[in-house]
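Here the structure is laid out as structure tokens; the discussion comes afterwards.
Start at 1 with the first residue, then count along the sequence. Computation of the quantities below employed the complete heavy-atom set of this structure, encompassing side-chain atoms and omitting hydrogens, waters and symmetry-equivalent molecules.
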Amino acid sequence: MLTRNFATRHAAAGAPTWFYRFDLGGLLLGPTHGVELAYLWGWRGLRTMLGTGGPMIGKRARLARRMRRAWIDFIRNGDPGPRWPRFQADAQQILLLDAEDSVAPDPDAERRRLWAGRDVLVRTR
């Protein structure tokens, strides 16, 4: 939720913001923090296969290509492309990266509601 709080503040300040949730997990751990890096960087090997749930073929390879395309577009143009809507503080449209990507308005709304007011970011004022 800290990342979402940061993105919400960033967008509310008028800064271009995009947000995603990586949902394609591996067999052992599910969609854990950082597993998407194997897709983005094309890592290989036994540990990568255990973390991602299999070799980088089929749906995994297609997801990796879509991710790389969006990141390259963002680097080149400052925008990851039309299939990834800009994150707004009020609308909270989030790209869900999975075997088939989708966009959802605030897919974690209930969880965010439960965490409301429990921000653990250090305040400087």
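Taking all atoms of both residues into account, the shortest heavy-atom contact from R21 to P107 is NH1-CB, 3.7 Å. The shortest non-hydrogen separation linking T8 to A89 is O-CB, 3.7 Å. P105 and Q93 get closest at one heavy-atom pair: CB-NE2, 3.3 Å. Across all their heavy atoms, A38 and M56 have their closest contact at O-CE, 3.8 Å. Here the shortest heavy-atom pairing between K59 and A99 reads CD-CB, 3.8 Å. Contact record, M67 with Y39: SD-CB, 3.7 Å, taken as the closest heavy-atom pair.
Ring-centre distance between W71 and Y20: below the 6.0 Å cut-off.
By the criterion of side-chain heavy atoms lying less than 4.5 angstrom apart, applied directly or through intervening Ile, Leu, Val, Met, Phe, Trp or Tyr residues, L97 is not grouped with I72; the two fall into different hydrophobic clusters. Criterion: ILVMFWY side-chain heavy atoms under 4.5 Å apart, direct or through other members. Under it, F87 and F22 are not part of a common hydrophobic cluster. Follow the hydrophobic side-chain contacts under 4.5 Å out from V35 and you never reach I94; the two are in separate clusters.
For CD of E110, the number of neighbouring non-hydrogen atoms (other residues, nucleotides, ligands) closer than 6.0 Å is greater than 12.
To the nearest 0.5 angstrom, H10 atom NE2 is 14.0 Å from N5 atom CG. For the atom pair L63 CG and E100 CD, the distance stands at 10.0 Å (nearest 0.5 Å). A distance of 12.0 Å separates CG in L96 from CG in L24, rounded to the nearest 0.5 Å.
Contacts classified as salt bridge (charged side-chain N to carboxylate O under 4.0 Å, His left out) and involving residues 79-92 (residues at least two apart or in different chains) are given here: R83-D101. A salt bridge (charged side-chain N to carboxylate O under 4.0 Å, His left out) check over residues 31-43, counting only residues at least two apart or in different chains, returns nothing.
A salt bridge links R4 with D106: the distance from a Lys NZ or Arg NE/NH1/NH2 to an Asp or Glu carboxylate oxygen falls below 4.0 Å.
Taking the six-membered ring where the residue is Trp, F74 and W18 present perpendicular rings, their angle passing 60° and hence far from 30°.
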